[in-house]
Novice: 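Would you mind keeping the following structure in view while I ask a few things?
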Amino acid sequence: MSATSQTIRSNKCLAEALKAISTLTTLNLNNNSISGNGAQALGEALKTNSTLTTLNLNNNSISGNGAQALGEALKTNSTLTTLNLNNNKIGDNGGLALADALKTNSTLTTLYLNNNSISGNGAQALGEALKTNSTLTTLNLNNNKIGDNGVQALAEALKTNSTLAILNLSGNSIGDNGAQALGEALKTNSTLTTLNLWNNSIGENGGQALAEALKTNSTLTSLDLWNNSIGENGGLAIADAFKTNSTLTTLNLNNNSIGDNGGLALADALKSNSTLATLNLQSNSIGDNGAQALAEALKTNSTLATLNLQNNSIGDNGAQALGETLQTNSTLATLNLSYNSIGDNGAQALAEALKTNSTLAILDLSGNSISGNGAKALGETLKTNSTLATLGLQNNSIGGNGAQALGEALKTNSTMANLDLSYNSIGDNGAQALGEALKTNSTLAILNLSGNSIGGNGAQALGKALKTNSTLATLDLQNNSIGDNAAQALGEALKTNSTLATLNLQSNSIGDNGAQALAKALKTNSTLATLNLSYNSIGDNGAQALGEALKTNLTLATLNLSYNSIGDNGAQALAEALKTNSTLATLNLYNNSIWYKGLLVLSEALNTNSALTTLELQSNLMQAKIVEAFTEALKSKSTLTTLDLTCHSIEDSGAHALSEALSTNSTLTTLYLTGNLIKSSGVQALADALKSNSTLVILDLQTNSIGDGGVQALAGALKINSTLTTLDLCRNSIGEKGAQALAEALKANGTLTTLYLQNSSVGDNGAHALSQALKTNSSLTTLDLWGNSIGDNGAQALSEALKGNSTLTTLYLQNNSIGDSGAQALFQGLQINSTLTTLDLWQNLITDRVAMIMCEVSHICLVGTQALSKHSSFSFDI
């Protein structure tokens, strides 16, 4: 029986069971391979079932027909309250059917339809249903393509609907017209509390319309406008609304270019506003003037608890003003000032404030210019401060002196739980000071010291501290120079330590001796779950020691041994351990020196192992017989989900063996076959497997020799397969015929979201064929055509496709032969297209003159070699 037949049968059996079961209230079928037949069976069951309240069908392959069956069931079902259909492909037909059901259904309260290719028609039907439905409280339409027409229909419904409380319309190509319609609705609606509009194309007019509504609306508590383009005028309007609005508690304006003036206006509003608790102003160019104004407002504001000012260039002046405010403010609990060009003066001002402040719990100062003096000031503060729990100082320059000051503070501090000092050049002296602190500190749970030039002495001090410390759960020491002696010290500590769960020692030159010491510790340690030993020159001896440890260790779930020097003997030891180990789920052996014997025993271990889900073996030395051994294991293996066979010289015979396994395997979701020797025959076998396989979602075949014959076979499979979402065919010489075959498949396929065809000789004819497919395809979001000899004719064809396509967000056209006329055509297409966010035209034949025309015609601002749209997050590189 084929995998597809088995799936259909199991779906029907489950549905039959639902008809009879009288106790089940929640059924989670998330991430299976349920299609229309399964959904129809479930729909039949729901007509008579009287207990189920929650049904989760997220991430299946349910199309319009399946949704129609569920919709029919909802017309009579009287118990289901939550239905999750996120990440399916129900389209407008499914949306229409569910909308029809909502007109009579009186129990459903939550409906998730995220990422379902629903356009304006489906949204209009849902809008009509909401005019009469009186039970639905949550509707999620995130990442569809409803556009302004769809949102206008929903807005009209909101004027009379009296139950909907949460509406998510993010990622829907909504512009000013849609936002204006929502604004009008909010003036009379009295139930909506949460409105998500992030990642749309709302400009100043839309922002002003929403702001006008906020002046009278008395129910909305959360508004998310992240990644729109409301600009300064939109910011001013929203600020004005806040002076009278008394219900909104959360506002997200991240990445909206409101500028200094917008910041000043919001600050003025905060002086009188008494409800806003969370304000996100990240990446808005508000500068020090805006920060100073916000600081002044916070002196009297008594409600704001979270303020995000990341990436706003506020500098020391802005930080000093905020520091002065914190001395008296008694409500702010979280302050994000990362990447703001703050130096020691700003840090000292904030530190001074924290001596008296009693509410701030999280302070992020990452990516600034704070040195030892600033860190010393913060350290002095931590000796007396009793509220700060998280301090981020990543990517500053505090050095050893700064770390010593912080270490001294940690000896007495009783609240700090998370400290990030990565990439600060603290050296051994800093690490030793922190080690001393850990001996007595009883609150710190997470310590990040990566990239700090810590050597053996510093790591030994930390190891000594771990013998007695009883709170630290995560220690990150990657990219230091601790060596094998210090690794031995850490190993000694792990023998008695009972709290550390994650240890990252990547790139530390610990070698075999260090690995052996850690392995010895793992035999008795009962808490460590994640160990990263990549880039450490570990050979067979170290791997053998770790293998012995895995035979008895019962807690380690993730072991990363990539980029070491492990050979067959080491692999054999690890394989022997896998036969009995019952906890390790992820083993990364990427880029070692494992040959025939080692790989063979690893494949044999998979036959009995019952825990491993991810095995990474890329860039070792696999032969055809080994591939066959792994495929045999896959036929019976019930846990492996990811298999990486990159760069193993696998030929057609190996691909044939893998295809046999894929025909029956029901767990593998990701298969990497990059850089092998697979040709047309091997790919045809894999394609045949894809016709029946119902679990694989990612297939990477880049840098093989599949040619147009192989790709034609894959195209045939794509017309039938309903689970594959990512296909990588880069550097495969598929040519125009191959591209044309894929284009035909894309017209029928409704699941593939990402297609990589870099350096594949597609040419203008191939680009033209793909363009024709894009006019009707409703699933592809990323298309990579880098280096394909595409000229102006191909670009013009793609431009025509962009005018009608409503799903593609990323198009890579680097290193082609597109000239001025092709570029102008593309940008004419962009004037109509409302979904593309990234267009890369690097290394083509576009002149400066046309680049400037692009800027004017498409409202694009050139910043160096980057171009950013004023109206969305759209960007291109020329």
Novice: Look at the rings of Tyr563 and Tyr535 and say which category their plane angle falls in: under 30° parallel, 30 to 60° tilted, over 60° perpendicular.
Specialist: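 Parallel.
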Novice: Using side chain to side chain contact (heavy atoms under 4.5 Å, CB included) as the criterion, list what pairs up with Ser285, not counting sequence neighbours.
Specialist: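 Expected list: none.
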Novice: Just to verify, what does Glu576 make a salt bridge (charged side-chain N to carboxylate O under 4.0 Å, His left out) with, not counting sequence neighbours?
Specialist: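 For Glu576 the salt bridge (charged side-chain N to carboxylate O under 4.0 Å, His left out) partners, ignoring immediate neighbours, are Lys579.
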Novice: Look only at the side chain of Thr325 and the backbone of Ala295, and say whether a donor-acceptor pair between them is shorter than 3.5 Å.
Specialist: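 It does hold such a pair.
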Novice: Do Asn480 side-chain atoms and Ile454 backbone N/O form a donor-acceptor pair below 3.5 Å?
Specialist: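 Between the backbone of Ile454 and the side chain of Asn480 there is a qualifying donor-acceptor contact (under 3.5 Å).
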Novice: Output yes when a side-chain donor or acceptor of Asn504 lies under 3.5 Å from a complementary backbone atom of Gln506, and no otherwise.
Specialist: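 Yes.
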Novice: Hey, what do you get for OG (Ser422) to CG (Asn448), rounding to the nearest 0.5 Å?
Specialist: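 Separation between the atoms: 4.0 Å.
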Novice: Going by the side chain to side chain donor-acceptor pair (under 3.5 Å) test, name the single residue among Asn87, Asn86, Asn56, Asn58 that passes it with Asn30.
Specialist: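 Between Asn30 and the candidates, side chain to side chain donor-acceptor pair (under 3.5 Å) is satisfied uniquely by Asn58.
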Novice: Under the side-chain hydrogen bond (donor to acceptor under 3.5 Å, both in side chains) test, which residues partner Thr474, sequence neighbours left out?
Specialist: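 Result, side-chain hydrogen bond (donor to acceptor under 3.5 Å, both in side chains) vs Thr474: none returned.
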Novice: With a 6.0 Å cut-off (strictly less than), is the heavy-atom count around CD of Gln572, excluding the residue itself, greater than 12?
Specialist: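 Result for CD/Gln572: enclosed.
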Novice: Spell out, as yes or no, whether a donor-acceptor pair under 3.5 Å connects the side chain of Asp428 to the backbone of Ala461.
Specialist: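 Judged by distance alone, no pair lies under 3.5 Å.
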Novice: Output yes when a side-chain donor or acceptor of Asn485 lies under 3.5 Å from a complementary backbone atom of Ala487, and no otherwise.
Specialist: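 Looks like no, no N/O pair under 3.5 Å.
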Novice: Only one of Ile398, Leu388, Leu393 forms a side chain to side chain contact (heavy atoms under 4.5 Å, CB included) with Leu378, so which one is it?
Specialist: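 Running side chain to side chain contact (heavy atoms under 4.5 Å, CB included) over Ile398, Leu388, Leu393 with Leu378 returns exactly one hit, Leu393.
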